[in-house]
Structures are given as structure tokens and as C-alpha cells.
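Worksheet: the structure to be examined is printed underneath.
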Amino acid sequence: MDNANNQLELLKTRIIYNEKVFGNYNVYEKVLNRLLEDSKFIALSLRFPYQDYSSMELPAKYNNWQLRCCEELYKNMGTQGIKSYSENGLSWTRDSAYITHELSSEIEPMAGYIVASESDSNV
């Protein structure tokens, strides 16, 4: 089984199918796949902040992190992403981050270096 299918099966044990929430199983799997895709790109953007990571794959050492990220993203779709709430004025404030600082700080950014092009060496 490839890593993407394995991650999907593991995520299904963390976010359980509920017909009242998802409507049907096909929608449930689409939501989980979208969460996996979003969490992958969040991790890669944290890991490689100054590189084009669009064609990269998430290293296997972040598999557990990705599942925990998916759970946070899923929970933030509802009311758990709300930082403050008031009753009569009906105002609430949502946390602006996709994931908590604690989770994002587990991804260590890769430092890079500037590479001169061949045309620069002719100057």
C-alpha cells in the first residue's frame, strides 16, 4: 500500500465517518483527501519557506504530524477555531492560523543558500 492510501486509512481511524455530517461516504473520503493534501502543503511551506515545493512529497517522518494536522484542520472547520465569543452583540473571533503554533513549531525549516547562475559568473 502506498503512503497516501496508508495515510488515508489511518486518518479514517481519527476522523470517523458520520452520515449526518458528510451525507455519504464519497464526500467523507473527498474531505479526508483534501485534508491530507492541505496538511502536506502546510508542512512543506513550513519546511521549505523559500523554495518551490509544489512537486515535493512530504517526508515519511512527518506522517504522524500530518494526521494531527488533519485533525486540527477538521476541528477548525467548526466552532473549535474560535478564540473569543460574545453573546448579545453576536461577535466572535476566529484564530487566524490554520493550525496551532505548537503544531507548526514541530516542523523545522530548512535553511537554504543562494546559488549564482552561470550568467553571473561571466560578469
Side-chain angles (χ1 to χ4, degrees):
M1 182 182 316
D2 70 338
N3 190 45
N5 286 335
N6 188 43
Q7 286 293 87
L8 179 61
E9 293 306 313
L10 289 171
L11 187 56
K12 286 178 182 179
T13 66
R14 292 172 178 244
I15 301 173
I16 306 300
Y17 173 69
N18 182 336
E19 188 175 358
K20 292 179 183 178
V21 174
F22 297 104
N24 65 55
Y25 200 79
N26 189 33
V27 171
Y28 169 66
E29 285 198 331
K30 284 181 181 180
V31 168
L32 295 186
N33 279 313
R34 177 56 59 104
L35 289 170
L36 287 167
E37 182 180 325
D38 289 349
S39 62
K40 169 189 161 185
F41 286 114
I42 290 170
L44 290 173
S45 71
L46 292 169
R47 182 85 170 136
F48 306 105
Y50 303 108
Q51 295 180 27
D52 177 17
Y53 50 81
S54 58
S55 62
M56 293 181 182
E57 289 301 317
L58 193 60
K61 73 178 190 174
Y62 292 117
N63 284 349
N64 180 269
W65 183 94
Q66 184 181 29
L67 296 173
R68 291 182 290 128
C69 182
C70 287
E71 285 182 290
E72 277 197 14
L73 291 171
Y74 179 73
K75 288 177 184 176
N76 284 340
M77 285 187 214
T79 59
Q80 292 191 18
I82 296 175
K83 287 186 346 187
S84 65
Y85 173 81
S86 69
E87 186 67 30
N88 291 335
L90 190 64
S91 78
W92 50 272
T93 305
R94 181 175 289 281
D95 190 358
S96 61
Y98 292 113
I99 57 175
T100 61
H101 175 70
E102 290 78 14
L103 188 63
S104 65
S105 67
E106 292 180 28
I107 304 286
E108 186 175 331
M110 289 288 295
Y113 53 89
I114 299 173
V115 178
S117 66
E118 287 184 31
S119 62
D120 292 341
S121 62
N122 295 330
V123 178

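Atom set for the values below is all heavy atoms of this structure, side chains included, hydrogens, waters and symmetry mates excluded.
Pairs of residues two or more places apart, or lying in two chains, that qualify as ring-ring contact (aromatic ring centres under 6.0 Å, His included) and include a residue from residues 26-63 are Y17-Y28, F22-Y28, Y25-Y28.
With sequence neighbours left out, the side-chain contact (heavy atoms from CB on, under 4.5 Å) criterion links K20 to N18. In this view, R68 and E106 satisfy the salt bridge (Lys or Arg N to Asp or Glu O under 4.0 Å) rule, not counting sequence neighbours. Taking the salt bridge (Lys or Arg N to Asp or Glu O under 4.0 Å) definition, one finds that E57 meets it with K40, sequence neighbours left out. Not a single salt bridge (Lys or Arg N to Asp or Glu O under 4.0 Å) links E37 to another residue, sequence neighbours left out. The side-chain contact (heavy atoms from CB on, under 4.5 Å) check on D52 picks up S54, with sequence neighbours excluded.
For the atom pair CG of L35 and CZ of R14, the computed distance is 12.5 Å after rounding to the nearest 0.5 Å. Atom CD of E102 is separated from atom CD of E72 by 8.0 Å, given to the nearest 0.5 angstrom. L11 CG to L36 CG: the interatomic distance, rounded to the nearest 0.5 Å, is 5.0 Å. E71 CD to S39 OG: the interatomic distance, rounded to the nearest 0.5 Å, is 11.0 Å. A distance of 12.0 Å separates CZ in R34 from CG in L32, rounded to the nearest 0.5 Å.
Inter-residue side-chain proximity for I42 and L73 is flagged as met; some heavy-atom pair is nearer than 4.5 Å.
With a 6.0 Å radius and a threshold of 12 heavy atoms from other residues, nucleotides or ligands, K12 has its NZ atom above the threshold.
Taking each heavy atom of Q7 and N63 in turn, the nearest pair found is NE2-O, 3.0 Å. Heavy atoms only, all atoms of each residue included: I15 and C70 are closest at CD1-O, 4.2 Å.
Defined by atom type and a distance below 3.5 Å, a donor-acceptor pair is missing between the side-chain atoms of N3 and N6.
W65 places a side-chain N or O within donor-acceptor distance of the main-chain N or O of L103, the cut-off being under 3.5 Å.
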